[in-house]
Amino acid sequence: MAQKSNQRFDRRDLIKGSVAAAACWGLGVAPAFGDSKGGSDVVRLGVIGTGWRGGQLIDAFSKASGVKIVAVCDADESRVGEQAEKLNKSGKDKVDTVTDYRKILERDDIDAVAIAAPNHWHSLMAIEACQAGKHVYCEKPVCHSMWEGRKMVEAMHKYDRIVAAGFQNRSDTGLMKAIPMIHSGKFGAIQQIRGLCYRGRNSIGKLETPLTPPKSVDYNLWLGPAADQAIMRPKFHYDWHWDFNTGNGDMGNQGPHELDLIRWALGDPTHPAKVMSFGGRFGWDDAGNTPNMQCSVFDYGDGIPVIFEVRNLYQKENHGVGRFRYGPFVGIHVTCENGSYRGGRGGGAFYDKRGQKLEEIKGDSGMGHQQNFVDAIRTNDPGSLRSPIESGYYSSCMSHLAGIAVRTGQETPDKEIAERLSDNALAAEVYDRFSKQLQLWEVDTKKTPWRMGPTLTFDNAKEQFTAGDNLTAANGLLRREDRSPFVVPESV
């Protein structure tokens with residue numbers, strides 16, 4: 001039976017527990033990995049979050065060498081039991097189940113945690129894990145807001161933990177070959193980069209009265225730092241992605257993977273200097289409040305246009321309407337002086353300027369990403385991580401900056417959008433394609449208008465917006481007001 005608890009552990013108790021565990025070295029109790037110089041054979045892992053992605057991580061870590069899953073945790077008692085049963089039936093050692101993640105952090109027989117809880121929990125869980133002496137693997141986006149993500153990075157440094165981000169594209173064998181080829185200059189300098197996120201999602205529906213969470217869910221623990229707001233969607237799990245209170249839309253769901261590819265191709269810059277975005281939630285009158293169509297323009301100050309588009313409306317009738325014809329459905333398109341790369345997780349290809357394929361490079365979808373995390377712990381070598389948390393933070397922040405840019409915008413008529421995009425041919429072309437698809441859906445943009453934000457200037461050092469309309473509102477969205485007592489600390 002999974003354990004339930006609504007009591008909050010004091011962070012000082014967690015830190016004391018990890019220090020006490022380290023002090024037990026002389027008593028034969030091994031400290032957390034990274035405290036010893038010699039490494040060890042087996043990393044003892046706790047998995048927090050056993051939904052769709054959590055189940056995938058459990059499967060991946062089960063197949064990795066040098067790791068043993070000791071416990072699994074989920075605020076939904078029914079889901080955590082299902083995952084534990086699968087592991088136990090597979091012939092693995094018996095796995096413990098808990099519903100309170102803090103029970104995972106206080107255990108001395110767990111060296112590391114993998115976090116696959118909803119977005120709004122990522123940073124606080126990771127910070128507290130570091131404080132408790134655990135190494136951390138955190139799913140994307142690594143933070144729900146920019147400020148808490150910075151605190152997460154600070155905790156990694158302060159407690160000297162190995163913290164990896166779940167950007168598995170960094171471990172894709174094809175991309176590990178393709179990106180260095182772009183950097184080599186073989187195809188000339190980069191002229192522009194497009195990121196593409198086309199997913200055929202459906203409406204999440206809308207209730208007339210608030211949803212009552214399943215009885216199997218410890219709702220207080222599930223909600224954690226998020227505001228206690230009425231849930232008006234029919235499905236409790238997963239569809240939290242489309243509510244800004246707990247998720248970040250597809251710009252912050254699938255999008256971070258491709259935004260990470262953009263940063264990788266650009267040589268891993270930090271934050272962009274400017275961002276502009278327009279979007280809307282079209283075709284669905286549902287409980288979601290995140291855009292299902294969105295275009296964002298990033299300026300890194302290097303003269304390379306960066307544009308990213310999210311399109312969740314599935315295609316009707318003419319399947320070519322709405323999509324960028326030269327790219328994958330999900331991936332990147334890098335235009336260079338003498339050719340281009342089109343691809344993403346699992347593979348891609350280089351093309352010459354006429355569009356003729358030059359070389360295809362197949363990948364493995366990053367199957368070794370979890371093994372890379374385990375190996376970094378076993379060798380006590382954070383530098384060997386392919387996706388360290390600080391890199392994952394900057395990639396996640398691209399999605400947050402785009403989200404803020406559109407949320408601080410205004411409902412804007414089509415004519416005005418066209419006028420404002422007249423000096424940006426790339427964004428204007430996206431708007432034109434998206435508008436044609438909305439026509440197929442018979443969407444009346446006078447009744448459901450686009451929301452277009454201002455061009456916002458961002459100060460990299462201060463991590464604050466410094467120019468653009470609605471500055472107060474924009475800077476206010478860099479940080480969330482956490483629900484007590486689940487509060488990300490000012491000082492980690």
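Keep in mind the model is a prediction, meaning the values are calculated, not measured. Hydrogens, waters and symmetry mates are skipped; everything else that's a heavy atom, side chains included, is used.
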Nearest heavy-atom pair of Met293 and Trp450: which atoms, and what distance? O-CZ3, 4.3 Å
Nearest heavy-atom approach of Glu337 to Ala189 is OE1-N, 2.7 Å
Donor-acceptor check, side chain of [X] to backbone of [Y], threshold 3.5 angstrom: yes or no?
X      : Y      : answer
Asn424 : Ala427 : yes
Asp299 : Lys274 : no
Arg483 : Val487 : no
Ser391 : Ser387 : no
His135 : Cys130 : no
His183 : Trp264 : yes
His122 : Glu139 : yes
Arg233 : Phe236 : yes

Between [X] and [Y], is any pair of side-chain heavy atoms under 4.5 Å apart?
X      : Y      : value
Arg480 : Trp147 : no
Asn119 : Thr246 : no
Met152 : Cys138 : yes
Asn248 : Pro141 : yes
Glu258 : Asn169 : yes
Met452 : Leu421 : yes
Trp121 : Tyr101 : yes
Ile307 : Cys295 : yes

Whether the [X] and [Y] side chains hold a donor-acceptor pair (N or O, under 3.5 Å, no angle test) is what I'd like checked.
X      : Y      : result
Thr270 : Asn460 : yes
Arg345 : His257 : yes
Gln254 : Arg199 : yes
Thr50  : Glu82  : no
Asn245 : His120 : no
Thr99  : Asp218 : no
Asp260 : Ser395 : yes
Ser365 : Asp172 : no
Asn289 : Asp243 : yes

Does the separation of the ring centres of [X] and [Y] fall below 6.0 angstrom?
X      : Y      : value
His271 : Tyr393 : yes
Tyr341 : His333 : no
Phe187 : Phe350 : yes

Could you give all pairs that pass the salt bridge (charged side-chain N to carboxylate O under 4.0 Å, His left out) test and reach residues 384-407, with sequence neighbours left out? Arg150-Glu390
Residues pairing under salt bridge (charged side-chain N to carboxylate O under 4.0 Å, His left out) where one sits in residues 359-377, two or more places apart or in two chains, turn out to be Lys177-Glu359, Lys357-Glu360
If you draw a 6.0 Å radius around CE in Met176, do more than 12 non-hydrogen atoms from other residues or ligands fall strictly inside? yes
Among Asn292, Ile204, Asn202, Leu207, which residue satisfies the side-chain contact (heavy atoms from CB on, under 4.5 Å) criterion with Asp286? Ile204
Who are the salt bridge (charged side-chain N to carboxylate O under 4.0 Å, His left out) partners of Asp239, not counting sequence neighbours? none
